[in-house]
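In the text below, chain A, chain B and the rest are named by the order of the sequence lines, each starting its count at 1.
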Amino acid sequence: MNAELRSRLEAIVGPGLVFGPGEPVDGVRPALAVRPGTQDEVAEVVRACAVAGAAMIPAGGGTAMGLGNAPARADVRVHLDRLDRVVEWDPANLCITAEAGMRLEALQELVAKDRTVLPLDPPGLRRATLGGLVAAGQTGPGRLQHGTLRDWVLGLRVVLPDGERIHCGGRVIKNVSGYDMNKLFIRSLGSLGIITEVTFKLLPMPARRAAVLGRFADPARAWAVVGRTLGSFLLPEALEFLNPEAARRLDMAPDTCVLAVSLAGSPETVERQAREFGAFIQEAGGTAEVLRDAAAVRAWEGIREVLEGAFEPILCRISVPLSATATLVAATEGMAREAGFRAAVTAHAATGVLRALLVPGPDPRPGEVAMALEGLRREAEAAEGNLVLEAAPPHLKARLDAWGTPSGGLDMMKRLKREFDPLGLCNPGRFVGGI
Amino acid sequence: MSEHAFIRDLREIVGRTNVLASAVDLQLYQYDGYLEEHRPEAVVFVESTEEVARVVQACNRHGKPFVPRGGGTNLTGGTVPFAGGVVIEMIRMNRVLEIDVPNLRARAQPGLFNLELGNALAPLGYQYIPDPASQKAATLGGNVAENAGGPHCFKYGVTSNHVLGLTVVLPDGRVETFGGKAADTPGLDLTGLFVGSEGTLGICTEVLVKIVRQAEGVKTLLAIYDSIEEGSETVSAIVAAGMVPATLEMMDQLVIHAVEASLHCGLPMDCATLLLIEVDGLKDDLESQAAAIGELCKAHGAREVRVAKDDAERALLWAGRRGAFGAVARLAPSFLVCDGTVPRTALPQVLKKVAEVAGKYDLRIPNVFHAGDGNLHPLILFDWRDADMKARVLKAGMEILTLCAELGGTISGEHGVGLEKLEAMRLVMTEADIQAQRRVKAAFDPANLSNPGKMFPAKEVACER
Ligand SMILES: Cc1cc2nc3c(=O)[nH]c(=O)nc-3n(C[C@H](O)[C@H](O)[C@H](O)COP(=O)(O)OP(=O)(O)OC[C@H]3O[C@@H](n4cnc5c(N)ncnc54)[C@H](O)[C@@H]3O)c2cc1C
Ligand SMILES: Cc1cc2nc3c(=O)[nH]c(=O)nc-3n(C[C@H](O)[C@H](O)[C@H](O)COP(=O)(O)OP(=O)(O)OC[C@H]3O[C@@H](n4cnc5c(N)ncnc54)[C@H](O)[C@@H]3O)c2cc1C
């Protein structure tokens with residue numbers, strides 16, 4: 001099959017753009033890799049793979065390739081990096097359409113020229129591609145004010161697993177013509193097709209930015225500020241908690257936790273909030289530092305990326321109802337200690353989403369990590385939440401399902417998968433419930 | 001005989017008096033705000049998820065279709081029982097189940113009116129953002145099924161952006177929960193897919209929504225124009241200036257006259273158009289935002305800008321906007337509410353063309369709409385007793401939707417496809433796009449019992465699979 005498929009693919013994309021074997025995905029190595037250059041070529045590549053019964057692994061920027069279970073099969077790795085064109089930029093209507101392989105950072109640089117932004121700040125911003133971002137649904141601290149990806153995607157073009165090309169949504173803010181098909185593909189981890197184009201809604205750039213960094217010896221005092229913020233009228237763009245281990249990775253301060261506040265808006269509202277947050281922090285017994293404009297932006301880049309770049313990372317994301325956030329941060333630290341690991345933990349403190357990077361301590365007991373993570377997952381699930389393994393070495397993935405106990409609707413998800421990908425060729429086995 | 005067995009089964013589930021089956025009763029449920037009528041076999045009033053599940057199971061046993069119905073305020077025939085069967089009336093499932101302030105969530109039954117959730121939250125200082133102009137009579141379930149928007153969605157988004165979880169009775173009668181109180185439930189976003197599905201993927205019996213604090217301050221402005229182009233150009237100018245008002249609504253002269261005649265809000269009668277603009281958020285910059293917007297309005301031709309001085313004045317301005325559809329009803333025996341969307345900058349162009357369409361078909365078409373979203377609502381006035389006029393209305397409506405599609409917009413901003421826009425779907429979708437939607441329907445409802453006949457145009461080619 002390989003030789004034949006290889007020559008089919010070469011006929012589509014031209015020689016030199018099909019190679020093999022492809023880079024492994026969670027230890028599974030695809031025999032071939034292909035780099036189509038247009039959306040039409042993606043469709044042809046997918047059709048050729050479908051005919052050959054070859055399993056496809058779409059690949060963007062590599063920031064979230066560790067997300068999910070190891071693929072059940074991988075025959076062809078489909079790189080989308082050559083699809084990096086802007087299709088249509090309509091600043092007056094605050095929207096932009098670009099191909100899936102375009103890097104988020106490139107898009108941000110472009111739209112900034114018109115003083116607009118796409119208010120998404122996922123980890124790995126530099127390398128993340130639009131398609132991978134949509135497929136993985138990664139989010140950053142800014143979700144507190146701006147919501148998540150699903151709130152900013154207006155339209156998609158997708159190549160379905162049989163090679164059929166479809167279009168969902170459009171480029172207007174309100175659209176209820178038929179089902180909201182964007183939602184089907186956002187966060188579907190490439191299990192239902194390959195995204196080739198995305199239309200985003202944009203936001204005018206705020207006139208001013210500032211950050212307030214609160215340092216606390218006692219985490220309870222930082223959480224008290226979170227509680228006070230929720231009860232106030234204040235509207236921070238992001239509110240991020242960093243435990244001492246995470247703060248240390250940023251060289252922020254040893255042995256203290258940090259509550260970082262991002263402020264964006266008019267000069268009046270930013271200055272007032274900087275003042276009030278400064279007071280909140282001091283009254284809670286912390287020390288406050290206010291950073292403005294470029295310094296604030298730099299600080300946030302650091303905070304956003306603080307857990308990235310580790311070698312063989314064990315990274316998990318926990319979502320719980322907001323009021324359980326502090327408890328889960330503490331539980332995560334406790335779990336890591338038991339397994340002889342240190343945990344760098346950050347939490348989007350007002351949305352209930354936390355991430356933890358496990359770093360081997362002086363006496364690591366790797367065998368115990370899986371059990372400890374199971375325990376933590378039970379705790380998250382008992383709080384009506386979940387724990388997702390974002391990245392882990394293959395031996396850990398072999399012992400621990402990346403997604404945890406399937407939520408309601410699993411049967412419907414499987415039926416949707418069967419409708420769209422009856423042969424199971426698109427990222428097979430990586431997603432929830434073996435989808 | 002089987003007819004009887006079916007009704008008997010239904011009565012066994014919900015009790016005798018909760019099943020209507022007499023000709024007179026059924027007549028009341030054969031229509032909604034659209035033009036087509038079809039009679040159901042029965043109407044069932046339900047009070048719990050379990051009852052809904054059992055009714056749907058009975059429908060499965062007897063091979064009968066069912067149509068959930070909330071307030072019946074959709075304007076596209078969504079609640080008309082196209083293929084007969086049962087209308088499942090949700091209006092008695094109207095309780096607020098939980099207001100969870102520490103987690104910023106509220107849970108409610110689907111038959112609750114949108115405004116009632118707002119009323120329950122207001123004393124606590126919280127709000128649920130989506131607020132369709134019909135909020136007094138539209139239910140949360142209907143909002144979910146239509147992905148309703150409202151005057152505040154320009155800044156805050158539509159229903160889909162605020163619903164986090166659903167309890168759903170699937171078309172085969174099983175009960176499932178999608179999403180939940182924590183963010184990012186792993187798996188496909190079934191909640192997102194269900195929102196906007198117009199009753200064709202099952203019945204939602206519980207809604208879990210995001211709630212937010214009420215804004216610290218609000219400022220409401222009314223800008224008055226002698227030309228409709230200048231008004232609609234201002235909308236783009238405000239956005240281009242980097243401002244994101246909570247509301248940017250527009251009404252034209254015919255609507256203003258109707259509103260004044262019925263509601264007496266003190267609107268000027270001699271202008272061409274009005275913009276209702278609201279900014280909200282922290283109070284510190286509201287004055288300066290309002291002043292900047294006022295300047296922009298004037299620079300784009302507003303002859304006067306009024307700023308509401310207090311809550312009473314603000315309420316009066318809003319009463320005019322919210323009552324507009326109702327007020328227009330005094331202009332003619334009937335009207336068809338068009339619901340199309342264009343990119344905001346195309347508003348001046350599309351409004352001009354709508355006026356041309358009115359001329360061409362000899363119809364009056366007032367406009368009141370969500371200008372910030374580019375979501376227009378031409379209201380095509382007619383007399384339902386005049387068959388010729390009715391035919392012209394349908395043609396004019398289709399022509400307006402075609403215009404929207406040509407200008408880069410779409411055929412529905414908030415009211416859905418229903419029965420009205422089946423064929424219009426082809427204006428914005430290829431056969432492959434529609435086929436993909438059919439796959440979703442097939443996964444959820446292989447027997448095609450959940451609100452059949454809606455949303456999908458007739459098949460052009462036979463399904464290959
Ligand atoms: C300069 C350079 C540096 C690198 N550094 C690293 C590194 O530090 N760490 C590392 O792990 N690799 C690194 N790589 C490897 C490289 O980034 C990855 O092999 C490859 O690009 C994977 O991208 P991705 O799919 O993971 O993108 P992601 O965008 O992270 O993909 C996330 C998920 O979505 C799916 N997906 C992606 N795009 C689509 C789409 N369009 N439609 C549907 N589904 C999609 C994927 O299958 C995956 O499941 C590097 C490569 C280069 C060239
Ligand atoms: C004067 C007026 C103003 C309006 N303004 C707006 C506006 O500003 N924004 C806007 O978005 N819309 C507006 N609408 C349209 C309409 O009010 C909304 O679409 C509303 O959400 C419909 O709610 P309902 O309870 O009346 O639903 P219904 O009309 O009863 O039902 C609508 C659809 O939802 C389905 N359905 C109902 N309940 C359920 C359930 N529990 N589970 C699954 N499916 C269900 C029905 O089968 C039907 O297909 C307006 C309508 C009027 C008459």
Between E271(A) and chain B, which part of the residue has a heavy atom less than 4.5 Å away: side chain, backbone, both or neither? neither

Is any NZ, NE, NH1 or NH2 atom of the basic residue among R208(A) and D285(B) found under 4.0 Å from an Asp or Glu carboxylate oxygen of the other? no

Answer yes when E384(A) and R105(B) have at least one side-chain N-carboxylate O distance shorter than 4.0 Å, and no when they do not. no

Proximal component of A215(B), with respect to chain A [non-hydrogen, under 4.5 Å]: backbone

Can a cation-pi geometry be assigned to R415(A) and F444(B), taking NZ or CZ under 6.0 Å from the six-membered ring centre and within 45° of the ring axis? no

Relative to chain B, which segment of R187(A) carries a heavy atom at a distance below 4.5 Å: side chain, backbone, both, or neither? both

Any donor-acceptor pair under 3.5 Å from R213(B) side chain to G231(A) backbone: yes

Taking the side chain from R344(B) and the backbone from L94(A), do they hold a donor-acceptor pair closer than 3.5 Å? no

If we ignore angles and hydrogens, is there a donor and acceptor under 3.5 Å between the side chains of E268(A) and S288(B)? yes

Single hit among D433(B), T410(B), T341(B) for side chain to side chain donor-acceptor pair (under 3.5 Å) with S177(A): T410(B)

Need one label for V320(A): side chain, backbone, both or neither, based on atoms under 4.5 Å from any heavy atom in chain B. backbone

Can a side-chain donor-acceptor contact be found between N103(B) and S323(A) if the only test is distance below 3.5 angstrom? yes

Which portion of R165(A) sits near chain B, non-hydrogen atoms under 4.5 angstrom: backbone

Heavy-atom contact with chain A under 4.5 Å, split by part of A432(B): both

By a 4.5 Å heavy-atom criterion (distance strictly below it), what part of V176(A) contacts chain B: side chain, backbone, both, or neither? both

If one checks every heavy atom of V101(B) against chain A at 4.5 Å, the contacting part turns out to be neither

Heavy-atom proximity to chain B below 4.5 Å, by part of D151(A): both

